Number of protein chains: 2
Amino acid sequence: MSNPVDLLRAAGVRVTPGRVRSLEALQAATQPMSHADIESLLPDVDRVTLYRVLDSLVACGLALKAVDTRGVFRFSASGPHRQHDGHIHFRCTSCGGVSCLKAAPPPPPKLPRGFRLDAVEFDVRGTCAQCAGQSA
Amino acid sequence: MSNPVDLLRAAGVRVTPGRVRSLEALQAATQPMSHADIESLLPDVDRVTLYRVLDSLVACGLALKAVDTRGVFRFSASGPHRQHDGHIHFRCTSCGGVSCLKAAPPPPPKLPRGFRLDAVEFDVRGTCAQCAGQSA
DNA sequence: TTGCAAATACAACCAGGTTGCAAAATAAAG
DNA sequence: CTTTATTTTGCAACCTGGTTGTATTTGCAA
């Protein structure tokens with residue numbers, strides 16, 4: 001049951017063409033996509049509507065939002081099993097690719113009084129085997 | 001020898017008022033600062049000049065540039081003491097601010113064969129005490 | 001002191017993202 | 001199948017952070 005319509009219904013939000021198509025696009029993607037990426041895939045969806053659709057998907061937990069190194073937001077479908085929670089990401093600075101490492105992330109540190117924890121992200125940056133081989 | 005003028009000279013770049021004052025501001029700061037933060041501290045420095053000054057400091061290794069959770073660039077002095085190396089950053093998803101936690105970062109994980117490590121970043125995201133208090 | 005490369009100020013511009021509001025569409029009740 | 005309350009869409013305008021072009025000024029080395 002991972003088809004967009006059911007997911008949207010289960011999340012308790014209205015099922016609209018824009019949401020269905022955006023969610024399909026996110027699910028089909030192999031990398032987090034920027035607003036511009038998705039817009040070029042769905043040229044007949046209004047620019048502003050797309051911003052709001054993406055935010056609504058994030059709000060109901062069906063998508064994740066993060067900033068890339070240039071300060072641009074990128075969105076990805078957050079699968080039913082929260083598959084990107086609980087392990088470490090390796091980001092290749094050469095090809096931009098993301099690999100998942102098997103190792104478990106470290107435990108969250110203690111926070112000062114009053115701080116509220118949402119998420120921890122352990123990002124490891126470097127050069128992946130392929131790119132390292134090519135430059136050698 | 002950590003005064004701005006000497007640092008700039010040692011880095012082989014021209015010593016200008018804008019660079020000296022910006023570097024002083026970065027050194028005095030306890031957190032990475034956005035362009036807007038620095039601008040409000042140095043109101044008589046031109047906006048565009050400040051952008052170029054900050055980029056020049058990054059280019060010659062005297063400052064570090066990173067994006068916060070809202071996609072805004074933040075700058076910090078990369079002193080000889082590398083004060084932002086060796087501890088964890090907390091990024092507030094509400095105000096975009098960055099705080100330094102006392103805890104030491106976890107050791108880097110083992111990488112698959114052929115992968116080359118450049119840097120690890122342990123990012124903790126959530127709501128800082130100030131923002132949490134306001135929303136309550 | 002002079003000459004020139006590098007830095008500054010200012011205006012215009014650009015990209016990504018947000019806001020306000022009228023018109024259209026969803027989904028639930030009758 | 002209608003009606004109705006509420007969301008969502010589409011469009012225009014707007015905002016913030018950041019960049020580019022260029023004439024003028026400044027740092028600094030000869």
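Because the structure is predicted, anything quoted here is derived from the model rather than measured. In what follows, chains carry the letters A, B, and so on, assigned in the order in which the sequence lines appear, proteins first and then strands, with residues in each chain numbered from 1. Excluded from the calculations below are hydrogen atoms, water molecules and symmetry mates; all remaining heavy atoms, backbone and side chain alike, are included.
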Any N/O pairs under 3.5 Å between the protein and nucleotides 26-30 of chain C? List them or say none.
residue, atom, partner, partner atom, Å
dT26(C), O2, Arg14(A), NH1, 2.7
dT26(C), O2, Arg14(A), NH2, 2.9
dA27(C), OP1, Val15(A), N, 2.9

Distances for protein N or O near nucleotides 10-13 of chain C N or O, under 3.5 Å:
residue, atom, partner, partner atom, Å
dC10(C), N4, Arg52(B), NH2, 3.4

Please collect all salt bridge (Lys or Arg N to Asp or Glu O under 4.0 Å) contacts where either partner lies in residues 56-66 of chain B, sequence neighbours excluded, each pair once.
Asp55(B)-Lys65(B)
Under the salt bridge (Lys or Arg N to Asp or Glu O under 4.0 Å) definition, can you give me all pairs with a residue in residues 7-35 of chain B, not counting sequence neighbours?
Arg21(B)-Asp44(B)
Apply side-chain contact (heavy atoms from CB on, under 4.5 Å) to [X] and list each qualifying residue two or more places apart in sequence or on a separate chain.
X: Arg47(A); result: His35(A), Glu39(A), Tyr51(A)
X: Ala66(B); result: Arg91(B)
X: Arg52(B); result: Val48(B)

Quick one: label Val45(B) by what it contacts on the DNA or RNA (base, sugar-phosphate, nothing), any heavy atom closer than 4.0 Å.
nothing
To 10°, what angle do the rotation axes through the five end pairs on each side of the helix from dT1(C)-dA30(D) to dG30(C)-dC1(D) form?
30°
Quick one: list whatever passes salt bridge (charged side-chain N to carboxylate O under 4.0 Å, His left out) with Asp46(B), sequence neighbours left out.
none
Could you state the atom-to-atom distance from [atom1] of [X] to [atom2] of [N] in whole Å?
X: Leu42(B); N: dT8(C); atom1: CG; atom2: C1'; result: 15 Å
X: Leu50(A); N: dG16(C); atom1: CG; atom2: P; result: 13 Å
X: Arg19(A); N: dA25(C); atom1: CZ; atom2: P; result: 15 Å

Hey, is the main chain of Val45(A) close enough, under 3.5 Å, to the side chain of Thr49(A) for a donor-acceptor pair?
no
Could you tell me whether a side-chain N or O of Ser78(A) sits under 3.5 Å from a main-chain N or O of Leu64(A), the two making a donor and an acceptor?
no
Identify, with sequence neighbours excluded, every residue that meets ring-ring contact (aromatic ring centres under 6.0 Å, His included) alongside Phe73(B).
none
By side chain to side chain donor-acceptor pair (under 3.5 Å), Thr16(A) pairs with (sequence neighbours left out) none
Out of curiosity, does Val72(B) fall in the hydrophobic cluster containing Leu50(B) (side-chain heavy atoms, cut-off under 4.5 Å, transitive links)?
no
Nearest heavy-atom approach of Pro4(A) to Leu23(A) is CA-CD2, 3.8 Å
Taking C-beta and beyond as the side chain, do Leu57(A) and Ser22(A) meet within less than 4.5 Å on heavy atoms?
yes
For a 4.0 angstrom threshold against heavy atoms of chain A, report the outermost contacting nucleotides of DNA chain D in 5' to 3' order.
dT6(D) to dA13(D)
